[in-house]
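For the single chain, residues carry numbers from 1 onward in sequence order. Everything quoted here is computed from the prediction, not taken from an experiment.
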Amino acid sequence: MKKTIVVLALVLALVMSVFAGGGKEKSGASSTFQVPEGGYDGSAVTITFYHTMGSNLAEVLAQYIEEFNALYPNITVNATQVGSYDDVRDQISTEITVGNQPNIAYCYPDHVALYNMAGVVATLDDLIESSEVVTRADGSTETLGLTEAQKADFIEGYWNEGKQFGDGLMYTLPWSKSTEVLYYNKTFFDNNGIKVPTTWDEMEEVCAAIKAIDPASIPLGYDSEGNWFITMTEQLESPYTSALEPHYLFDNETNREFVKRFRSWYQKGYLTTQTLYGAYTSGLFVAENGTRSYMSIGSSAGATHQRPTKGADGNYPFEVGIATIPQVNPDRPKVISQGPSVCIFNKSNPQEVIASWLFVKYMTTSTDFQAEFSMTSGYVPVLKSVADHPVYKEFVSKANGGDYISALSASVCLSQQEAYYTSPAFNGSSTARSQVQNLLARSLSAQGNDDEVIDKAFKEAITECEYQN
């Protein structure tokens, strides 16, 4: 209901902008930003940045805002914590209707697609390519745009997320990222001679082997049914969605077949999910007694939640191993890209947009900031070169399945940087994610004939996607 109100508010804003603009429909492309001649003029501006950071991350941010201000004293940055990611989206969507949106915001692709209904997100292409020279307060200079080396330093999958809106233009830059990884009970695997699965075929064999050893177990817990469905379509090169109409392409035979396969796994007691378990499946993975799992697929940023509690002797009950999630084809690995990016909003004063860009550029291209933010947050840096940052390199060198499990998670994420993918973004892409999540959960657990249950789940998901958007 809340999302419906937000969308209606944006539609109203869009209608009003059409009348104000003499009947010309606004779109994402209408927000194209052009750097004015002379670029940054050094005038005093205040920019507002909406984010979701807790106190520990806000402290890191404040430190680097201070460093940025030493270079650009005429740019005042108001960093504002606004609840969750959805809270940021909802507040901005309301503010857009009165033209009071912030300058910069944490975002996910579907948020940007929503904002673009009113054409208020500034495209970054002209800023990225600008050759205008900017003079800082200390007398040093920099190019307003990104150098070729800076562009190449971004992890490709994270960079490409900014261009997933159907028009080829750049709307976001990545801030910090996470993905999914496979956590496994390394102690159990080693003691029983079990090999970590690298494919879904191997996963099925491992689940069967674990079930034979511990019949009361649920070998695998998978936190996000939505991520699982979407990742399978990517690995299988099967249609999911499109930024252009028709948007919803996931009702096809290839996708029905993998859902049917996983339904059989559920019926054999091989797996559960967050929806079906009723909580994050890490609870099963770290359980000390009762039903437990020996593998858990979840966020790389949640590694500490996948670690068991130390015993009275100061030791962990078991060592945790972390690996890339199983693949359809290990020679063409695909794992999901998650975590916030940032977008910049158009303003009547172009200097606000340029100042916002300078701030975003500073934070996303600083290896110092990316290293410290990543170590504090559990997310991974968006720059390749951070792997060679001395402090971050030392952090990763300590990686293990105990006290330094976050470092172990980060090392796995860095090793698979060529595998990250993102899905098309459009107004309705978040609905598609929600619906395939529901589809998979229902298909796994519903009673009845396999084909009939799966057919009904797919049809209901498509119907809901088209109805809600």
Side-chain angles (χ1 to χ4, degrees), residues 180 182-184 197 200-236 238 240-241 248 250-287 290-299 302 305-306 325-326 328 336 430-468:
E180 288 184 325
L182 171 65
Y183 299 94
Y184 63 96
W200 294 108
D201 289 340
E202 291 176 358
M203 173 61 82
E204 185 169 12
E205 294 171 0
V206 168
C207 286
I210 293 173
K211 199 71 174 173
I213 297 168
D214 182 0
S217 71
I218 302 175
L220 171 65
Y222 205 126
D223 273 339
S224 173
E225 298 96 339
N227 284 357
W228 197 6
F229 187 101
I230 297 166
T231 296
M232 290 306 300
T233 66
E234 189 72 22
Q235 290 186 6
L236 289 162
S238 176
Y240 165 55
T241 59
Y248 309 109
F250 56 82
D251 186 5
N252 59 70
E253 193 57 35
T254 299
N255 297 345
R256 287 171 178 246
E257 282 301 312
F258 77 71
V259 170
K260 187 174 182 178
R261 181 184 193 186
F262 296 150
R263 174 177 166 83
S264 73
W265 291 10
Y266 179 77
Q267 291 171 337
K268 294 175 182 177
Y270 288 175
L271 69 90
T272 191
T273 65
Q274 183 179 342
T275 299
L276 301 178
Y277 178 56
Y280 287 110
T281 62
S282 57
L284 278 173
F285 185 66
V286 301
T291 302
R292 62 190 305 182
S293 68
Y294 294 91
M295 295 178 288
S296 176
I297 295 179
S299 171
H305 298 291
Q306 304 279 358
I325 67 168
V328 169
I336 198 165
S430 62
T431 300
R433 169 179 289 277
S434 297
Q435 289 306 314
V436 298
Q437 174 175 315
N438 295 339
L439 178 166
L440 185 52
R442 289 196 300 266
S443 294
L444 293 178
S445 61
Q447 299 295 314
N449 174 272
D450 290 352
D451 291 332
E452 290 177 358
V453 165
I454 293 170
D455 180 65
K456 181 181 179 182
F458 270 87
K459 287 181 177 178
E460 287 179 350
I462 291 290
T463 298
E464 284 298 314
C465 284
E466 294 174 344
Y467 172 75
Q468 292 187 36

[atom1]-[atom2] distance between [X] and [Y], expressed to the nearest 0.5 angstrom:
X      : Y      : atom1 : atom2 : answer
Leu440 : Trp228 : CG    : CH2   : 6.5 Å
Ile462 : Lys459 : CD1   : NZ    : 11.5 Å
Gln435 : Thr463 : CD    : OG1   : 9.5 Å
Asn252 : Asn255 : CG    : CG    : 4.0 Å
Leu220 : Glu204 : CG    : CD    : 12.0 Å
Ser296 : His305 : OG    : NE2   : 11.5 Å

When you measure from the side chain of [X] to the backbone of [Y], do you find a donor-acceptor pair of N or O atoms at a distance under 3.5 Å?
X      : Y      : answer
Trp200 : Pro326 : yes
Tyr240 : Arg433 : yes
Lys211 : Ser217 : yes
Ser238 : Glu234 : no

pair [X]-[Y]: side-chain heavy atoms closer than 4.5 Å:
X      : Y      : result
Trp265 : Met203 : yes
Asp214 : Arg292 : yes
Val206 : Met295 : yes
Phe458 : Val259 : yes
Phe258 : Val328 : no
Pro197 : Leu182 : yes

Where is the tightest heavy-atom contact between [X] and [Y], given as atom of each residue plus distance?
X      : Y      : value
Ile218 : Leu284 : CD1-CD1, 4.3 Å
Cys465 : Thr431 : CA-CG2, 3.9 Å
Pro219 : Gly269 : CD-O, 3.3 Å
Leu439 : Phe229 : CD2-CE1, 3.9 Å
Tyr183 : Gly302 : OH-C, 3.9 Å
Tyr248 : Thr241 : CD2-CG2, 4.4 Å

- Task: For Glu180, check side-chain hydrogen bond (donor to acceptor under 3.5 Å, both in side chains) against everything at least two apart and list the hits.
- Result: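 Only Tyr222, Asn227 meet the side-chain hydrogen bond (donor to acceptor under 3.5 Å, both in side chains) criterion with Glu180.
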
- Item | Residues forming a side-chain hydrogen bond (donor to acceptor under 3.5 Å, both in side chains) with Lys268, sequence neighbours excluded |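 Testing Lys268 for side-chain hydrogen bond (donor to acceptor under 3.5 Å, both in side chains), a comparison that skips the adjacent residues, returns none.
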
Charged N to carboxylate O under 4.0 angstrom, [X] versus [Y]?
X      : Y      : value
Arg256 : Asp455 : yes
Asp201 : Arg261 : yes
Arg263 : Asp450 : yes

Taking distance alone, no hydrogens or angles, what donor-acceptor pairs closer than 3.5 Å link side-chain atoms of residues 275-282 to residues at least two apart or in another chain?
| residue | atom | partner | partner atom | Å |
| --- | --- | --- | --- | --- |
| Thr275 | OG1 | Glu225 | OE1 | 3.1 |
| Thr275 | OG1 | Glu225 | OE2 | 2.8 |
| Thr281 | OG1 | Asp223 | OD1 | 3.0 |

- Task: Given side chain to side chain contact (heavy atoms under 4.5 Å, CB included), test Leu271 with Leu444 step by step and report yes or no.
- Result: CA-CA 10 Å; Leu271 69 90; Leu444 293 178; 4.0 Å; yes

